[in-house]
Amino acid sequence: MLPEELPVKPKIFVGRDKLVHSTIQSLLESRDVALIGPGGMGKSSIARAVLNDDALTTKFQKRRFFVRFDDMDAAQITFGTFLDRIARALGFGTLANTHNLITKALSTSETLLVLDNAETFLDAATDAGRIADAIDGFGERANVAILLTTRTTVLPPNLKWVRLRVPSLEEGAACEAFTMFYTPSIESSILVKLLSAVDFHPLSINLLAQAAVQNDWSPEDLVDAWDRQRTTLLEAGDGKIQSIAVTIETSLNSPSVLKLGVTILRLLQVIAYLPQGISKQRLTAIFPGVTDIEACAEALCKQSLAYINGGFITLLAPIRLYISNRYNTTIVDNLLLQKVRQYYKAHADEEEIVRQDDVNIEYVFAHWVTDPVAMTSVLDLIGDFIYTLLDCRPRPIALRPVIASLDPSTSRQPVSFIDFLRAFPTLHPRRVEAMVEKGTCLFAISTLMRWIGQNVEAEATVTEARKLLFESGILGRSRLLLIDWGTAMVYVEQGNFVAAEELFKSTLQNRNPLFMANKHFKAVINIGLSRVDLYRGRRGSSKLCLKALPVMKDIGTSSILVMCWYQAGAGEMNDGNLALAKKYFQTARDAVEEEPSEEFYMSLIGLAEVALRLGDREEAKALRAQALESVQGSPDQTLAYASEVVSILAAYLAMEGNVEQARELIGPAVANAIKHLSKRAVRCSYLAGCELIGGDFDKAEAYFKETIEACISVLQFTFHAVSERALGEIAVTRQDWVVARAHFEATSKLCETMGVSKDGMYREHACYMLGETFNGWKLYQEGYHMFRT
């Protein structure tokens, strides 16, 4: 994974030469620097200028990292989210041992780490002490220099910080900055008087100049507007007011803003509320029926009240803070916020939206769920969001304490008649339903935690979820069965097939005869057991899956049905029934539109695998070429499943001898996949080991070791086992029999844990298998004398 792109030096940047020089000199001496000052002073701009300085570039070269925290609220920061941001800036995804990996990465050579808007995590609602300790640990290394920008003077205590105060601009620099935007001639005395009234505050100067430009104000008009707004605020009882407040209000009360009515202020409130801001591209989709919404967004940007960052319309921290404090105390009544909620409600399970707006969605739902009238339904939405996040962008979240603190007895959401009957014995149907949804939501959180390697936290959370559901009567105990099924499916994905099978069977035996979805529940259990049979190498694994199909047709979406047909095809293929396998893969293919989707690609790859086993290499190549052409033409190739598909196709190319083309494809795919640690990232990293075929054993070894590290973090046994085997084969080629034996012993133990035979690690595509030339594993099992102690 590549490090995040560095921000460029500001285009307009005056009056800060001395401060920039002092910062650079301290960093060149590997001293830690904190740029401290109120909001709007240009601390981030100074950091960007410093970061791009020639001397620092020479010293730190590509070891310069910029970590943003301006798009997060202090309430969203945990130790995990803090580390996640740094890890992504450095170029790797979240792992269970992220702290150790960051420390290791920072220790390799001279490194400059810039933490922007540090007050966000220094004032974090939770884990502030752990975060401060981590920063102390990073900074105590002699090769690491840290640069903080912050509004707070309270810094991590154990580093000798060079504290540099960021003051207002000097008079000359302030006038120069203003006239870079405002070109009409203005008397020096008038300009100095006006800018001194805003305390030569850089952001205020920018806002004032933009307001004058956008409203075509003469110098006299500008002075009048300023004086009028200052008087209005004083008469409103604000007393001693800051220049930033007057400047913002001057912009908001200018003609070009006022003509847009109340909508523009409502939009500004929503942008200030949302950590990421609002998507520019999806403005009309988020706010249907608001005809002037794009004009309002454009006006805010022209006034410099807002700006575009990564496709989102957002605010600088000082403006966000002012709007939040002055206008957002009653944000829940904002009609545009209600539209945002409804938009995220409708798209909580859509990968594309969740991947782009994940921080916003988490923040909106975290606040919305505390509304007693909406509690139960939002808990359900949070579950959908978490499972979607798990699949497309798994990362630490801060929802657990929010959900854990909810009191189900305060729920005021209407209860359906069916749920009322289920909860009737308790006479508290609202509380029971809220308890059930709370427990289910906590289970979803535990699943995400398990996926990203937070295994201790996951166990504590799932225990809490199970207790809550058990205490909520028949309705909760029925939901417990679904949780057991979900846990078993996690075990399957991890390769823990023995535990998965035991849990599937016990869940099937313990299901409540009165459970209304009994037939459907038995069907999904059978699908899970079918998958266990498939991966454990049992013949006839497709039978249970096919048995479940008629039931799933009643309730299943097309993707579920395609998954069933695909699974049946894989089972028949492993049994050697290639005609049936082809039939089922073709059925899966016919059930989806010929457009970019995971189901479409995987059905083509399944058909290609059958063709390969039938000896029709040209047909196999044609099907894979069709899949590759389609995925490369898809509108968003950064989706997690697209990276996995490309990696699979690249591995097949390597098998065919097209190693260079495979390298061109798999490099970017792996770099994208490992941004978000998941089963897909593990698979992509393992498939990158196709370098074995090209003879680059060192590079292949590095990929397999990375795969193992990720597997240990997320408890993934399958790809851990095959990676250990691959490393053993590399050791054999080097005639390092001791190392080879150690890897093969680890492989054997993992096979035993998974419940698969030593010849049964590979159960799907040929691209996962090593070539026949790598026979060390076979020799080890046969007791070859070189492996004996």
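- Without hydrogens or angle criteria, Lys280 side chain to Ile308 main chain gives no donor-acceptor distance under 3.5 Å.
- Aromatic ring orientation, Phe82 versus Phe69: parallel (interplanar angle below 30°, classes split at 30° and 60°).
- Ring centers of Phe138 and His99: under 6.0 Å apart, within the cut-off.
- Counting heavy atoms from C-beta outward, Asp73 and Thr120 have side chains that stay 4.5 Å or more apart.
- Counting only distance, with no hydrogens or angles, the side chain of Trp161 and the backbone of Pro156 share a donor-acceptor pair below 3.5 Å.
- Nearest heavy-atom pair across Leu6 and Phe65 is CD2-CA, 4.0 Å.
- For the residue pair Thr314 and Gln276, no side-chain donor N or O sits within less than 3.5 Å of a side-chain acceptor on the partner.
- Residues Leu56 and Leu27 have side chains in contact (heavy-atom distance under 4.5 Å, counting atoms from C-beta outward).
- For the residue pair Asp54 and Thr57, no side-chain donor N or O sits within less than 3.5 Å of a side-chain acceptor on the partner.
- Contact check for Val33 versus Ile146: no side-chain heavy atoms found under the 4.5 Å cut-off.
- No side-chain donor from either of Arg31 and Gln25 sits under 3.5 Å from a side-chain acceptor of the other.
- With hydrogens and angles disregarded, no donor-acceptor distance shorter than 3.5 Å links the side chain of Gln269 to the backbone of Asn334.
- Screening Val290, Thr291, Leu335 against Thr263 for a side-chain contact (heavy atoms from CB on, under 4.5 Å) leaves a single residue, Val290.
- No donor-acceptor distance shorter than 3.5 angstrom exists from the side chain of His201 to the backbone of Ser196, with no hydrogens or angles considered.
- Between the side chains of Ser256 and Asn215, a donor-acceptor pair is found at a separation under 3.5 Å.
- Looking at Asp371 and Met375, their side chains never come closer than 4.5 Å, going by heavy atoms from C-beta outward.
- How far OG1 of Thr388 is from CD1 of Ile361: 8.5 Å, rounded to the nearest 0.5 Å.
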Practice problem: Kindly indicate, with the supporting measurements, whether the criterion side chain to side chain contact (heavy atoms under 4.5 Å, CB included) is fulfilled by Leu379 and Val369. | Solution: CA-CA 6 Å; Leu379 282 168; Val369 76; 3.8 Å; yes

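- In this structure, Phe287 CZ and Leu267 CG are separated by 5.5 Å, a value rounded to the nearest 0.5 Å.
- The two residues Pro10 and Ala49 make their nearest non-hydrogen contact at CD-N, 4.0 Å.
- In plain terms, the two heavy atoms of Leu83 and Ile102 that are nearest each other are O-CD1, 3.6 Å.
- Residues Glu110 and Arg63 are not paired through a salt bridge, judged by the lack of any N-O separation under 4.0 Å between the basic side chain and the carboxylate.
- The number of heavy atoms from other shown groups lying within 6.0 Å of CD (Gln281) does not exceed 12.
- Remark: the backbone N or O of Ala398 is not paired with any side-chain donor or acceptor of Arg400 at under 3.5 angstrom.
- Atom-to-atom distance recorded for Asn143:CG and Leu112:CG is 11.5 Å, nearest 0.5 angstrom.
- Between Cys301 and Ile313, the closest side-chain pair of non-hydrogen atoms falls below 4.5 Å.
- The OG atom of Ser254 sits 5.0 Å away from the CH2 atom of Trp217 when rounded to the nearest 0.5 Å.
- At least one side-chain heavy atom of Gln76 sits less than 4.5 Å from a side-chain heavy atom of Pro275.
- Screening Tyr343, Tyr344, Tyr363 against Asp357 for a side chain to side chain donor-acceptor pair (under 3.5 Å) leaves a single residue, Tyr344.
- Between Arg85 and Asp71 there is a salt bridge, since a side-chain N of the basic residue sits under 4.0 Å from a carboxylate O of the acidic one.
- Between the side chains of Thr149 and Asp116, a donor-acceptor pair is found at a separation under 3.5 Å.
- Atom CG of Leu159 is separated from atom CG of Asp32 by 5.0 Å, given to the nearest 0.5 angstrom.
- Within the model, atoms CG of Asp292 and CD of Glu298 stand 12.0 Å from one another, a figure rounded to the nearest 0.5 Å.
- Between His367 and Val402, the closest side-chain pair of non-hydrogen atoms is not below 4.5 Å.
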Quiz prompt | Verdict with supporting geometry, Val166 and Arg16, side chain to side chain contact (heavy atoms under 4.5 Å, CB included) | solution = CA-CA 9 Å; Val166 181; Arg16 297 303 195 191; 3.8 Å; yes

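- Thr111 and Arg141 share no donor-acceptor pair across their side chains, judged by distance under 3.5 Å alone.
- Smallest separation of non-hydrogen atoms from Ala89 and Val67: CB-CG2, 3.7 Å.
- Within a 6.0 Å radius of CD in Gln338, other residues, nucleotides and ligands contribute more than 12 heavy atoms.
- With respect to Glu362 and Arg395, a salt bridge is recorded, a charged nitrogen being found less than 4.0 Å from a carboxylate O.
- A donor-acceptor pair is defined here as one N or O able to donate and one able to accept, closer than 3.5 Å; no such pair exists between the side chain of Thr330 and the backbone of Asp333.
- Residues Thr247 and Asn206 form no side-chain contact, since every pair of their non-hydrogen atoms from C-beta on lies 4.5 Å or further apart.
- Contact record, Lys339 with Ile286: CB-O, 3.6 Å, taken as the closest heavy-atom pair.
- Using a 4.0 Å cut-off between a side-chain N of Lys or Arg and a carboxylate O of Asp or Glu, Arg326 and Glu249 qualify as a salt bridge.
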Exercise. Go through Lys59 and Ser30 one step at a time and tell me if the side chain to side chain contact (heavy atoms under 4.5 Å, CB included) criterion holds.
Key: CA-CA 10 Å; Lys59 177 179 173 65; Ser30 295; 3.8 Å; yes

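- Between the side chain of Asn360 and the main chain of Gly277, a donor-acceptor pair closer than 3.5 Å is present.
- In summary, the side chains of Asn117 and Asp70 do not present any donor paired with an acceptor at a separation below 3.5 Å, with no hydrogens or angles considered.
- Minimum interatomic distance between Asn52 and Pro7 (heavy atoms only, all atoms of both residues): ND2-O, 3.1 Å.
- No donor-acceptor pair under 3.5 Å is formed between the side chain of Arg412 and the backbone N or O of Pro372.
- Between the side chain of Arg64 and the main chain of Gln61, a donor-acceptor pair closer than 3.5 Å is present.
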Quiz item: Can you list the steps and then say if Leu381 with Phe365 is a side chain to side chain contact (heavy atoms under 4.5 Å, CB included)?
Solution: CA-CA 8 Å; Leu381 285 175; Phe365 286 175; 4.0 Å; yes

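- Judged purely by atom type and a 3.5 angstrom limit, Ser279 uses its side chain to pair as donor or acceptor with the backbone of Arg282.
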